[in-house]
There are 2 protein chains.
Amino acid sequence: MVQPTSAPRNARARAREELTREIVETARIHLTSDGAAGLSLRAVARDLGMVSSAVYRYFPSRDELLTTLIIDAYNSLGETAEQAEAAVKRTDLNGRWLATSRAARNWAVERPHEWALIYGSPVPGYQAPQETVVPATRVTSLLIGILIDAYTTGQTPTPLPVPRAVHASIAPVRDDIPQGIPDDLIIRGLMAWSQLLGVISMELNGQFHNVLTDTDAYFQTAMHRCAIDLGIS
Amino acid sequence: MVQPTSAPRNARARAREELTREIVETARIHLTSDGAAGLSLRAVARDLGMVSSAVYRYFPSRDELLTTLIIDAYNSLGETAEQAEAAVKRTDLNGRWLATSRAARNWAVERPHEWALIYGSPVPGYQAPQETVVPATRVTSLLIGILIDAYTTGQTPTPLPVPRAVHASIAPVRDDIPQGIPDDLIIRGLMAWSQLLGVISMELNGQFHNVLTDTDAYFQTAMHRCAIDLGIS
DNA sequence: CAATACCGAGAGCAGTGCTCTTGACAGTTG
DNA sequence: CAACTGTCAAGAGCACTGCTCTCGGTATTG
């Protein structure tokens, strides 16, 4: 009885699954063209030839649909980055970092609205539920893996002092990584991560207008310098 | 006739100015509590005891009102940062950088929605007009000033190589700074700037949840390390 | 004083998220 | 087979949004 009563319910259940997927797909299309704020349940319903109220059978609210899109976006980005990173030789830490960061940027440039959804200003009135936490960590886990390998192979930069308050502040990070990683390396990792997010977001938000003519070239150099700071270049 | 015809027109004109200011003020209150997407012209009008259509006599569209709020935000942040920076001894480059960055963060933490308005994901469908360009540069001008002083007093880090493509890419920056500043220093300045924006935005967007317990301590250290990288520590 | 420009109020249009009710259908049970 | 139950799409409706247009009154100007 572990198996769900399968045969008879499947007809309905399958139709439901399919329609749910169609709604999400249509919503993502709207998202990529109009952004999160322009995502309209009614418009999605119209595209699917159904009436707006029918959509509420599948998603109890607009926010619920947004949550699905957010999780999908995290997973899409995470998978893209993981594949890029996995294609690099394990010992090439610099290459792994560059592959990861470049994959993230390419993904973001292709889907600016989905990037904004997960790393941009939060949608007002929307509270990210717990289910989004795990997929959100996929990219950072890659970075952590690189740092761990850097530490275990002894490729660490000469550490700068870390104030006591900062040592205490990064306590939550310690729960997710092996013991022994120095504070300094964690700080460098966090700063590389915020550099990555910062540069990508600035590019997408148009902050480099009248500043850079070739954002890609700048990005590569910036990430290269991050690698130097991390001691893996 | 350079003076505007003053006396008789003033009664109406003054009332208009005052009401315009009241609308902006009310709009900013709504902005700080609900965010840009929740800014409703009708709600503003309601608060002011007038009918929604009357507001259109003062702002031809919601976007026009948003533009005013954006310019005000840029100027508010710019002024705050300028004052903080001006209070530091000119020769203390490290102090000037720390004062500027700390002022920016404090301002952002107090007004997260206004920060999101100017540095967050752009409001969909809204195109920032030319008038926003000048006030937007006030904070970066401070940073540029520090870098120029660093260069003229010889406090520059040992430069890393800068690829040709990046040299070409930063051409627009060169139009706003004196000749002679090395490419490497410009790159370092840009990266410090994106580090600053990245860390602040990440904190406001909740990206440090379950990562840092004391974001202020981390921020100070991160900015200190930026100063080291800039060679002004 | 008369003409003009300005202004607030109101109605109205098209759109939004969301709720509630209604009628049709499918699957299960007596 | 008939009755029941759960699910579904559809429609009407509420309160809200940005925005436009018209109307009548008032302040400013020639």
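By convention in this document, chain letters (A, B, ...) are assigned in the order of the sequence lines, proteins followed by strands, and residues within each chain are numbered from 1.
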Whole-Å distance between C:dC6 C1' and B:F59 CZ? 17 Å
Hey, does B:L19 reach any base, or is it just sugar-phosphate, or nothing, if we go heavy atoms under 4.0 Å? sugar-phosphate
Please determine whether a side-chain nitrogen or oxygen atom of B:R16 lies at a distance below 4.0 Å from atom OP1 or OP2 of C:dC7. yes
Using OP1 and OP2 only, check whether a side-chain N or O of B:S61 sits under 4.0 Å from D:dG18. no
From CG of A:D47 over to P of C:dG15, roughly how many Å is that when rounded to an integer? 14 Å
Does A:L65 reach a base, just sugar-phosphate, or nothing at all? Heavy atoms under 4.0 Å. nothing
What does B:Y58 touch in the nucleic acid at a heavy-atom separation under 4.0 angstrom: a base, only the sugar-phosphate, or nothing? sugar-phosphate
Sugar-phosphate only, base, or nothing, as touched by B:S40 at under 4.0 Å among non-hydrogen atoms: sugar-phosphate
B:R42 or A:Y56, whichever maps to the more 5' nucleotide of DNA chain C: B:R42
Any donor-acceptor pair under 3.5 Å joining the side chain of A:S53 to the base of D:dA10? yes
Tell me: CE of B:M50 to P of D:dG25, nearest whole Å? 19 Å
Please state how far atom CD in A:E64 lies from atom C1' in C:dT19, giving the value in whole angstrom units. 17 Å
Check whether any side-chain heavy atom of A:R105 lies under 4.5 Å from a side-chain heavy atom of A:M223, and answer yes or no. no
Would you mind reporting whether B:I186 and B:R174 have side-chain heavy atoms less than 4.5 Å apart? yes
Starting at CZ of A:R62 and ending at C1' of C:dC18, how long is that distance when rounded to a whole Å? 12 Å
Taking atom types as modelled, is there a side-chain donor on B:S121 or A:W115 under 3.5 Å from an acceptor on the other? no
Answer yes or no: does a side-chain N or O of A:R46 lie under 4.0 Å from OP1 or OP2 of C:dT16? yes
Indicate yes or no for a side-chain donor-acceptor contact from B:Q195 to the backbone of B:A222 under 3.5 Å, with no hydrogens or angles considered. no
Between A:Y58 and A:R16, is there a cation-pi geometry (under 6.0 Å to ring centre, at most 45° from the normal)? yes
Is A:R57 touching bases, backbone alone, or none of the nucleic acid, heavy atoms closer than 4.0 Å? base
Which is true for A:L48 with a 4.0 Å heavy-atom rule: it touches a base, it touches only sugar-phosphate, or it touches nothing? nothing
Rounded to whole Å, please give me the gap between CG in B:L41 and C1' in C:dT16. 16 Å
